[in-house]
Amino acid sequence: MDDAAERRFREFVETRSVALMRLAYLLSGGDQHAAEDLLQTALAKTAARWGSVDNPEPYVRRAMYRQQVSDWRRTRRRRETQVGALPDGAGPSRPDAAAAVDLKLTVRTALARLTPKQRAVLVLRFFEDLPEAEVARILGCGVGTVRSTTHRSLARLRELAPELNALEPEEARR
């Protein structure tokens, strides 16, 4: 990589790393270290092909999705982490600012307990707001698989965090 290309790559990393890290964090189920590894791997692959990459952000995102798919194919089974129940009065219906934090923690904990495949499908469908066909293309599966995985993942999410069912639609968007 020549000096100009290296400078462009560094500028890309500096300007887009926060958004890419957020995606990696979601894909890894809230594991900061795994997210850092995922992003670093994707950026290393991008750097190796920097000269032929026309649009770097979609390239890095696709590299992260594919790396995550490879990771969950390698480790098919994983144990769930048991967590305690929220104390009385700590639910999402509290009107103060702590309610938003409680909601985020509840969602994060529930997402972390999903399988990596389920988590990836939900992140792509609802965080990235991609259509089913695009999710299927990225993950290398059929649209029917994306639909059924989305359905099962949402059902599992509702099972893991039943307090999310009681939210008003406006609260759920936050």
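Keep in mind it's a predicted model, so treat the numbers as computed, not measured. Below, each value reflects all heavy atoms present in this structure, side chains not excepted, and no hydrogens, waters or symmetry copies.
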Start with the C-alpha gap between L154 and F126, add the side-chain angles, then the distance that decides, and say whether side-chain contact (heavy atoms from CB on, under 4.5 Å) holds.
CA-CA 11 Å; L154 290 173; F126 301 108; 4.1 Å; yes
How long is the gap from CD on Q68 to CD1 on I138, to the nearest 0.5 Å?
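Those atoms lie 13.0 Å apart.
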How many angstroms lie between CZ in F12 and CG in L43, if you round to the nearest 0.5 Å?
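That separation rounds to 6.5 Å.
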For [X], check side chain to side chain contact (heavy atoms under 4.5 Å, CB included) against everything at least two apart and list the hits.
X	result
S153	Q118, L122, T149
D37	none
E159	R156
Y25	Q32, A35, R108

Please check this pair: side chain of [X] against backbone of [Y], looking for a donor-acceptor N/O pair closer than 3.5 Å.
X	Y	value
W50	A5	yes
D31	A34	yes
T145	C141	no

Please list, chain by chain and in numerical order, all residues satisfying salt bridge (charged side-chain N to carboxylate O under 4.0 Å, His left out) with [X], sequence neighbours excluded.
X	result
R8	none
R137	E134
R147	E132
E36	none

Contacts satisfying side-chain hydrogen bond (donor to acceptor under 3.5 Å, both in side chains) that involve residues 120-130 (not counting sequence neighbours) are R61-E128
Quick one: closest heavy-atom pair of [X] and [Y], and the distance?
X	Y	result
Q67	T41	OE1-CG2, 3.6 Å
L20	M64	O-CE, 3.7 Å
A120	L139	CB-CD2, 4.5 Å
L39	S17	CD2-O, 4.1 Å

Residues joined to V143 in its hydrophobic cluster, side chain to side chain under 4.5 Å directly or through other members, sorted by chain and number, are none
Side-chain cluster (under 4.5 Å, hydrophobic types only) that Y59 belongs to, other residues:
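Direct or chained contacts put Y59 with V53.
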Are the side chains of [X] and [Y] in touch, meaning some heavy atoms are under 4.5 Å apart?
X	Y	result
R119	L27	no
R152	S148	yes
L23	Y65	yes
L160	L114	yes

Around atom CG of D3, are there more than 12 heavy atoms of other residues, nucleotides or ligands at under 6.0 Å?
no
Are R10 and E14 within salt-bridge range, i.e. N to O under 4.0 Å?
no
If the condition is side-chain hydrogen bond (donor to acceptor under 3.5 Å, both in side chains), which residues does K117 pass it with, not counting sequence neighbours?
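side-chain hydrogen bond (donor to acceptor under 3.5 Å, both in side chains) check on K117 returns nothing, list empty.
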